[in-house]
Amino acid sequence: MRRKKGTLIPVEISILAAFLDLKMRGFEDAHGFLIAKQIKDQEGARMLTSHGTLYKALGRMEKAGWLKSKWEDPVIAAEESRPRRRFYRMTVEGQVAFDAASAPQITARLTSKKATS
Amino acid sequence: MSTLALALAGRFTRGWAQTYTAGLPTHIRAERKEEIASDLWEQASEGGAEGESANAIAAHTFGRAVLGMPADVAWHLGELKGDEMQLSISQKSIVGIFILLGLATIIFGVMLSINGIDQGWLFHNPGETFEGLLLIAFTAGPLVAFAGVYAVRRAVSEGRSTNRARAIIVVGTLCIAGLGAWMYWTLVGPIIAVGIVAYWINKIGQWRSGPPRAA
(Lines give C-alpha, C1' and ligand atoms only; values in the text may rest on other atoms or scores of the structure.)
Protein backbone atom coordinates (compact mmCIF):
# COMPACT_ATOMS: atom_id res chain seq x y z
CA MET A 1 0.00 0.00 0.00
CA ARG A 2 1.35 3.41 -0.96
CA ARG A 3 1.74 5.74 1.99
CA LYS A 4 0.19 9.18 2.14
CA LYS A 5 2.48 11.91 0.81
CA GLY A 6 4.32 13.79 3.53
CA THR A 7 3.85 11.15 6.19
CA LEU A 8 6.87 9.63 7.90
CA ILE A 9 7.63 5.98 8.52
CA PRO A 10 9.42 4.87 11.72
CA VAL A 11 12.95 4.81 10.28
CA GLU A 12 12.49 8.34 8.94
CA ILE A 13 11.24 9.54 12.31
CA SER A 14 14.29 7.93 13.92
CA ILE A 15 16.61 9.65 11.45
CA LEU A 16 15.06 13.08 11.98
CA ALA A 17 15.10 12.56 15.74
CA ALA A 18 18.78 11.68 15.45
CA PHE A 19 19.39 14.95 13.60
CA LEU A 20 17.64 16.90 16.34
CA ASP A 21 19.72 15.25 19.01
CA LEU A 22 22.94 15.73 17.04
CA LYS A 23 22.02 19.36 16.51
CA MET A 24 21.64 19.82 20.25
CA ARG A 25 25.13 18.40 20.63
CA GLY A 26 26.47 20.86 18.07
CA PHE A 27 26.50 18.64 14.97
CA GLU A 28 24.57 20.35 12.19
CA ASP A 29 25.80 17.92 9.53
CA ALA A 30 26.14 14.17 9.94
CA HIS A 31 27.38 11.31 7.79
CA GLY A 32 25.58 7.98 7.51
CA PHE A 33 27.48 6.11 10.19
CA LEU A 34 27.09 8.94 12.70
CA ILE A 35 23.34 8.95 12.07
CA ALA A 36 23.19 5.16 12.51
CA LYS A 37 25.16 5.41 15.75
CA GLN A 38 22.93 8.19 17.05
CA ILE A 39 19.81 6.14 16.30
CA LYS A 40 21.32 3.15 18.10
CA ASP A 41 22.14 5.28 21.15
CA GLN A 42 18.84 7.13 21.31
CA GLU A 43 16.75 3.97 20.92
CA GLY A 44 18.97 1.73 23.01
CA ALA A 45 19.21 -0.73 20.12
CA ARG A 46 21.73 -3.56 20.08
CA MET A 47 22.66 -3.08 16.44
CA LEU A 48 23.22 -0.17 14.12
CA THR A 49 20.65 0.37 11.39
CA SER A 50 21.49 -1.83 8.40
CA HIS A 51 23.27 -0.22 5.46
CA GLY A 52 20.40 -0.88 3.07
CA THR A 53 17.68 0.51 5.32
CA LEU A 54 19.72 3.57 6.29
CA TYR A 55 20.95 4.71 2.90
CA LYS A 56 17.70 3.92 1.14
CA ALA A 57 15.86 6.05 3.70
CA LEU A 58 18.42 8.87 3.48
CA GLY A 59 18.12 8.96 -0.32
CA ARG A 60 14.33 8.94 -0.16
CA MET A 61 14.30 11.70 2.45
CA GLU A 62 16.63 13.83 0.37
CA LYS A 63 14.35 13.42 -2.62
CA ALA A 64 11.41 14.43 -0.42
CA GLY A 65 13.28 17.59 0.57
CA TRP A 66 13.54 16.68 4.27
CA LEU A 67 17.32 16.38 4.09
CA LYS A 68 20.01 17.80 1.89
CA SER A 69 23.46 16.38 1.38
CA LYS A 70 26.89 17.42 0.23
CA TRP A 71 30.08 15.49 -0.30
CA GLU A 72 33.12 16.32 1.74
CA ASP A 73 36.10 17.97 0.08
CA PRO A 74 38.17 15.03 -1.25
CA VAL A 75 41.38 16.78 -0.15
CA ILE A 76 40.31 16.62 3.51
CA ALA A 77 39.48 12.91 3.20
CA ALA A 78 42.80 12.25 1.45
CA GLU A 79 44.71 14.09 4.16
CA GLU A 80 43.09 11.87 6.78
CA SER A 81 43.59 8.73 4.63
CA ARG A 82 39.94 7.71 4.67
CA PRO A 83 37.02 7.56 2.21
CA ARG A 84 35.12 10.76 1.52
CA ARG A 85 32.11 11.40 3.75
CA ARG A 86 28.69 12.42 2.58
CA PHE A 87 27.18 14.87 5.00
CA TYR A 88 23.43 15.20 5.48
CA ARG A 89 21.60 18.10 7.05
CA MET A 90 17.96 18.35 8.05
CA THR A 91 16.01 21.02 6.17
CA VAL A 92 13.22 23.23 7.45
CA GLU A 93 10.80 20.98 5.55
CA GLY A 94 12.24 18.00 7.43
CA GLN A 95 11.74 19.76 10.74
CA VAL A 96 8.15 20.60 9.83
CA ALA A 97 7.43 17.01 8.73
CA PHE A 98 8.95 15.70 11.93
CA ASP A 99 7.00 18.11 14.11
CA ALA A 100 3.77 17.21 12.37
CA ALA A 101 4.36 13.48 12.51
CA SER A 102 5.85 12.66 15.80
CA ALA A 103 7.09 15.53 17.85
CA PRO A 104 4.95 14.80 20.91
CA GLN A 105 6.06 11.18 21.36
CA ILE A 106 9.71 11.67 20.48
CA THR A 107 10.11 14.81 22.55
CA ALA A 108 8.55 13.09 25.54
CA ARG A 109 10.83 10.11 25.06
CA LEU A 110 13.98 12.19 24.74
CA THR A 111 13.01 14.32 27.73
CA SER A 112 12.37 11.31 29.96
CA LYS A 113 15.64 9.70 28.82
CA LYS A 114 17.58 12.88 29.66
CA ALA A 115 15.84 13.16 33.02
CA THR A 116 16.79 9.64 33.99
CA SER A 117 20.38 9.83 32.78
CA MET B 1 41.78 -10.38 17.56
CA SER B 2 41.17 -11.22 13.92
CA THR B 3 41.64 -8.47 11.40
CA LEU B 4 41.05 -11.13 8.74
CA ALA B 5 37.39 -11.39 9.78
CA LEU B 6 37.09 -7.62 9.57
CA ALA B 7 38.69 -7.56 6.13
CA LEU B 8 36.36 -10.31 4.94
CA ALA B 9 33.28 -8.54 6.28
CA GLY B 10 34.37 -5.35 4.53
CA ARG B 11 35.05 -7.20 1.31
CA PHE B 12 31.69 -8.95 1.52
CA THR B 13 29.86 -5.64 2.06
CA ARG B 14 31.72 -3.89 -0.77
CA GLY B 15 31.15 -6.89 -3.04
CA TRP B 16 27.46 -6.81 -2.29
CA ALA B 17 27.36 -3.06 -3.02
CA GLN B 18 29.17 -3.73 -6.29
CA THR B 19 26.51 -6.33 -7.13
CA TYR B 20 23.32 -4.50 -6.29
CA THR B 21 24.43 -1.25 -7.90
CA ALA B 22 25.14 -3.01 -11.22
CA GLY B 23 23.08 -1.68 -14.07
CA LEU B 24 22.52 1.75 -12.52
CA PRO B 25 23.88 5.05 -13.90
CA THR B 26 27.58 5.51 -13.16
CA HIS B 27 27.30 8.39 -10.72
CA ILE B 28 24.52 6.77 -8.65
CA ARG B 29 26.57 3.59 -8.46
CA ALA B 30 29.79 5.40 -7.54
CA GLU B 31 28.08 7.49 -4.86
CA ARG B 32 26.50 4.49 -3.16
CA LYS B 33 29.75 2.52 -3.19
CA GLU B 34 31.68 5.48 -1.81
CA GLU B 35 29.10 6.01 0.91
CA ILE B 36 29.30 2.35 1.94
CA ALA B 37 33.12 2.50 1.92
CA SER B 38 32.97 5.55 4.18
CA ASP B 39 30.51 3.83 6.52
CA LEU B 40 32.75 0.75 6.77
CA TRP B 41 35.75 2.89 7.55
CA GLU B 42 33.88 4.87 10.21
CA GLN B 43 32.51 1.75 11.86
CA ALA B 44 35.91 0.07 12.01
CA SER B 45 37.55 3.26 13.24
CA GLU B 46 34.89 4.02 15.86
CA GLY B 47 34.68 0.40 17.02
CA GLY B 48 38.44 0.26 17.40
CA ALA B 49 38.48 3.51 19.36
CA GLU B 50 35.81 2.18 21.70
CA GLY B 51 37.78 -1.00 22.33
CA GLU B 52 35.46 -3.29 20.38
CA SER B 53 37.21 -6.42 19.11
CA ALA B 54 37.81 -6.85 15.38
CA ASN B 55 35.62 -9.97 15.42
CA ALA B 56 32.75 -8.06 16.98
CA ILE B 57 33.08 -5.24 14.46
CA ALA B 58 33.21 -7.80 11.64
CA ALA B 59 30.10 -9.59 12.88
CA HIS B 60 28.30 -6.29 13.25
CA THR B 61 29.32 -5.16 9.76
CA PHE B 62 28.27 -8.47 8.24
CA GLY B 63 24.92 -8.32 10.04
CA ARG B 64 24.25 -4.79 8.83
CA ALA B 65 25.00 -5.80 5.25
CA VAL B 66 22.84 -8.92 5.33
CA LEU B 67 19.89 -7.32 7.12
CA GLY B 68 19.93 -4.46 4.63
CA MET B 69 19.86 -6.68 1.55
CA PRO B 70 16.09 -6.53 0.95
CA ALA B 71 16.23 -2.71 1.21
CA ASP B 72 19.21 -2.64 -1.17
CA VAL B 73 17.33 -4.66 -3.76
CA ALA B 74 14.26 -2.45 -3.34
CA TRP B 75 16.47 0.63 -3.72
CA HIS B 76 18.01 -0.79 -6.90
CA LEU B 77 14.56 -1.42 -8.40
CA GLY B 78 13.47 2.07 -7.36
CA GLU B 79 16.50 3.64 -9.02
CA LEU B 80 15.78 1.70 -12.20
CA LYS B 81 12.40 3.41 -12.22
CA GLY B 82 14.03 6.76 -11.49
CA ASP B 83 14.01 9.85 -13.67
CA GLU B 84 17.06 8.93 -15.67
CA MET B 85 15.76 5.53 -16.63
CA GLN B 86 12.11 6.46 -16.70
CA LEU B 87 9.96 5.00 -19.46
CA SER B 88 6.67 6.46 -20.54
CA ILE B 89 3.52 4.34 -20.30
CA SER B 90 3.57 3.68 -24.05
CA GLN B 91 7.25 2.68 -23.93
CA LYS B 92 6.52 0.32 -21.05
CA SER B 93 3.68 -1.21 -23.09
CA ILE B 94 6.00 -1.74 -26.05
CA VAL B 95 8.65 -3.32 -23.84
CA GLY B 96 6.00 -5.52 -22.24
CA ILE B 97 4.72 -6.66 -25.63
CA PHE B 98 8.26 -7.45 -26.83
CA ILE B 99 9.04 -9.41 -23.69
CA LEU B 100 5.81 -11.39 -24.01
CA LEU B 101 6.45 -12.07 -27.70
CA GLY B 102 10.02 -13.07 -26.90
CA LEU B 103 8.87 -15.49 -24.21
CA ALA B 104 6.16 -16.80 -26.56
CA THR B 105 8.85 -17.39 -29.20
CA ILE B 106 10.94 -19.38 -26.73
CA ILE B 107 7.96 -21.51 -25.64
CA PHE B 108 6.88 -22.03 -29.26
CA GLY B 109 10.39 -23.07 -30.31
CA VAL B 110 10.78 -25.48 -27.40
CA MET B 111 7.36 -27.07 -28.06
CA LEU B 112 8.14 -27.34 -31.77
CA SER B 113 11.47 -29.00 -31.00
CA ILE B 114 9.87 -31.49 -28.59
CA ASN B 115 7.17 -32.25 -31.12
CA GLY B 116 9.75 -32.70 -33.89
CA ILE B 117 11.84 -35.10 -31.81
CA ASP B 118 8.76 -36.96 -30.56
CA GLN B 119 7.19 -37.31 -34.00
CA GLY B 120 10.51 -38.10 -35.64
CA TRP B 121 10.56 -35.23 -38.16
CA LEU B 122 13.55 -33.54 -36.46
CA PHE B 123 17.08 -34.90 -36.03
CA HIS B 124 16.11 -37.85 -38.22
CA ASN B 125 18.64 -37.38 -40.98
CA PRO B 126 21.48 -34.86 -41.58
CA GLY B 127 19.20 -32.30 -43.25
CA GLU B 128 16.67 -32.48 -40.46
CA THR B 129 19.43 -32.34 -37.89
CA PHE B 130 20.59 -29.07 -39.43
CA GLU B 131 17.01 -27.80 -39.26
CA GLY B 132 16.82 -28.90 -35.65
CA LEU B 133 19.98 -27.05 -34.71
CA LEU B 134 18.69 -24.01 -36.57
CA LEU B 135 15.43 -24.23 -34.63
CA ILE B 136 17.31 -24.39 -31.31
CA ALA B 137 19.44 -21.39 -32.28
CA PHE B 138 16.38 -19.39 -33.25
CA THR B 139 14.58 -20.38 -30.07
CA ALA B 140 17.51 -19.10 -28.04
CA GLY B 141 17.32 -15.79 -29.94
CA PRO B 142 15.13 -13.96 -27.40
CA LEU B 143 17.42 -15.12 -24.58
CA VAL B 144 20.41 -13.74 -26.45
CA ALA B 145 18.53 -10.46 -27.08
CA PHE B 146 17.59 -10.18 -23.39
CA ALA B 147 21.22 -10.81 -22.43
CA GLY B 148 22.23 -8.06 -24.85
CA VAL B 149 19.77 -5.67 -23.25
CA TYR B 150 21.26 -6.41 -19.85
CA ALA B 151 24.75 -5.92 -21.27
CA VAL B 152 23.70 -2.53 -22.67
CA ARG B 153 22.39 -1.43 -19.28
CA ARG B 154 25.65 -2.41 -17.62
CA ALA B 155 27.75 -0.72 -20.29
CA VAL B 156 25.73 2.50 -20.00
CA SER B 157 25.93 2.48 -16.21
CA GLU B 158 29.67 1.94 -16.31
CA GLY B 159 30.23 4.50 -19.03
CA ARG B 160 31.60 1.92 -21.47
CA SER B 161 30.91 1.57 -25.16
CA THR B 162 27.64 -0.20 -25.91
CA ASN B 163 28.81 -1.50 -29.32
CA ARG B 164 29.42 -5.08 -28.20
CA ALA B 165 26.18 -5.21 -26.21
CA ARG B 166 24.24 -3.85 -29.16
CA ALA B 167 25.85 -6.47 -31.40
CA ILE B 168 24.51 -9.14 -29.00
CA ILE B 169 21.02 -7.68 -29.35
CA VAL B 170 21.33 -7.70 -33.12
CA VAL B 171 22.46 -11.36 -33.11
CA GLY B 172 19.55 -12.29 -30.85
CA THR B 173 16.99 -10.44 -32.91
CA LEU B 174 18.37 -11.92 -36.15
CA CYS B 175 17.79 -15.36 -34.61
CA ILE B 176 14.20 -14.37 -33.84
CA ALA B 177 13.77 -13.05 -37.35
CA GLY B 178 15.22 -16.32 -38.64
CA LEU B 179 12.64 -18.31 -36.73
CA GLY B 180 9.92 -16.17 -38.28
CA ALA B 181 11.38 -16.63 -41.75
CA TRP B 182 11.87 -20.37 -41.24
CA MET B 183 8.26 -20.64 -40.20
CA TYR B 184 7.47 -18.97 -43.55
CA TRP B 185 3.80 -18.66 -42.74
CA THR B 186 4.35 -15.99 -40.10
CA LEU B 187 5.84 -12.50 -39.95
CA VAL B 188 5.88 -12.39 -36.17
CA GLY B 189 9.62 -13.04 -35.89
CA PRO B 190 10.83 -10.27 -38.19
CA ILE B 191 8.35 -7.81 -36.65
CA ILE B 192 9.63 -8.59 -33.15
CA ALA B 193 13.21 -8.29 -34.37
CA VAL B 194 12.74 -4.89 -35.98
CA GLY B 195 10.76 -3.66 -33.00
CA ILE B 196 13.37 -4.72 -30.46
CA VAL B 197 16.24 -3.18 -32.41
CA ALA B 198 14.36 0.08 -33.00
CA TYR B 199 13.26 0.30 -29.40
CA TRP B 200 16.63 -0.35 -27.83
CA ILE B 201 18.49 1.99 -30.13
CA ASN B 202 16.06 4.69 -29.02
CA LYS B 203 16.37 3.70 -25.36
CA ILE B 204 20.16 3.69 -25.41
CA GLY B 205 20.04 7.21 -26.80
CA GLN B 206 17.79 8.27 -23.91
CA TRP B 207 20.07 6.80 -21.27
CA ARG B 208 23.07 8.49 -22.75
CA SER B 209 21.42 11.90 -22.87
CA GLY B 210 20.01 11.65 -19.32
CA PRO B 211 20.75 14.63 -17.08
CA PRO B 212 23.71 14.04 -14.77
CA ARG B 213 22.94 14.34 -11.08
CA ALA B 214 24.95 16.94 -9.19
CA ALA B 215 27.45 15.41 -6.81
Side-chain angles (χ1 to χ4, degrees), chain A residues 1-3 9-12 14-15 18 22 27 29-41 43 45-65 67-89, chain B residues 9-10 12-21 24-25 27-50 52 56-79 81-84 213-215:
Chain A
M1 197 170 76
R2 198 171 282 270
R3 67 170 150 149
I9 58 175
V11 68
E12 294 166 349
S14 296
I15 289 171
L22 286 166
F27 295 100
D29 300 317
H31 52 78
F33 177 75
L34 187 57
I35 297 165
K37 192 164 184 303
Q38 180 59 36
I39 292 172
K40 178 176 175 277
D41 291 346
E43 297 184 352
R46 285 182 61 202
M47 274 193 71
L48 294 163
T49 311
S50 69
H51 299 126
T53 305
L54 178 68
Y55 293 107
K56 181 169 180 268
L58 289 173
R60 188 173 60 234
M61 292 169 78
E62 189 176 15
K63 279 182 184 166
L67 301 177
K68 59 181 179 181
S69 77
K70 64 176 180 190
W71 282 95
E72 181 184 34
D73 186 342
V75 177
I76 297 172
E79 278 172 0
E80 295 180 11
S81 304
R82 57 168 173 74
R84 201 161 55 125
R85 290 168 174 163
R86 182 177 195 167
F87 288 110
Y88 293 88
R89 177 180 286 206
Chain B
F12 172 81
T13 307
R14 281 192 296 273
W16 169 240
Q18 175 82 10
T19 303
Y20 73 77
T21 57
L24 297 177
H27 63 278
I28 294 178
R29 192 172 192 207
E31 283 181 358
R32 172 54 73 96
K33 287 196 291 185
E34 195 168 0
E35 202 158 19
I36 292 293
S38 169
D39 190 302
L40 289 172
W41 189 92
E42 301 290 347
Q43 185 169 4
S45 171
E46 180 91 9
E50 289 180 353
E52 206 175 347
I57 300 170
H60 207 150
T61 302
F62 184 75
R64 288 182 76 200
V66 171
L67 290 175
M69 282 178 170
D72 289 327
V73 173
W75 173 81
H76 175 97
L77 296 174
E79 289 297 325
K81 291 177 187 166
D83 295 342
E84 292 171 53
R213 186 185 288 183

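Reminder, nothing fancy here: chain letters follow the sequence lines and each chain counts from 1. Values below: every heavy atom of this structure, side chains too, minus hydrogens, waters and symmetry copies. It should be emphasised that the depicted structure is a prediction, and the values quoted were computed from it without experimental measurement.
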Minimum heavy-atom distance between [X] and [Y], given as atom pair plus value:
X	Y	value
A/Met47	B/Gly63	CE-C, 3.9 Å
B/Gly68	A/Ser50	CA-OG, 3.3 Å
A/Arg46	B/His60	O-CE1, 4.0 Å
A/Pro83	B/Ala37	CG-O, 3.6 Å

Quick one: do B/Glu79 and A/Lys63 make a salt bridge, cutoff under 4.0 Å?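 Yes.
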Whether B/Glu34 and A/Arg86 form a salt bridge (side-chain N of Lys/Arg under 4.0 Å from carboxylate O of Asp/Glu) is what I want to check.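 No salt bridge links A/Arg86 with B/Glu34.
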Which atoms of B/Ile36 are under 4.5 Å from chain A, going by heavy atoms: the side chain, the backbone, both sets, or neither?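 The side chain, not the backbone.
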If I measure from the heavy atoms of chain A, does B/Ala74 come under 4.5 Å with its side chain, its backbone, both, or neither?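 Contact with chain A involves both backbone and side-chain atoms of B/Ala74.
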Mind ranking B/Val66, B/Thr61, B/Thr13, B/Asp39 by heavy-atom pairs under 4.5 Å with chain A and telling me who comes out on top?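 Option with the greatest count: B/Asp39.
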Please state whether the side chain, the backbone, both or neither of [X] comes within less than 4.5 Å of a heavy atom of chain B.
X	answer
A/His31	side chain
A/Thr49	backbone
A/Ala36	side chain

Within a 6.0 Å radius of atom NZ on A/Lys40, are there more than 12 heavy atoms belonging to other residues, nucleotides or ligands?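 Yes, the 6.0 Å shell around NZ holds more than 12 heavy atoms from other groups.
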Within the structure provided, determine whether B/Glu42 and A/Leu34 are in side-chain contact (heavy-atom separation under 4.5 Å).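 Sidechains of A/Leu34 and B/Glu42: no contact.
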From [atom1] ([X]) to [atom2] ([Y]), nearest 0.5 Å:
X	Y	atom1	atom2	answer
A/Tyr55	B/Glu35	OH	CD	5.0 Å
A/Arg84	B/Trp41	CZ	CH2	15.5 Å
B/Gln43	A/His51	CD	NE2	5.5 Å
B/Leu67	A/Leu54	CG	CG	13.0 Å

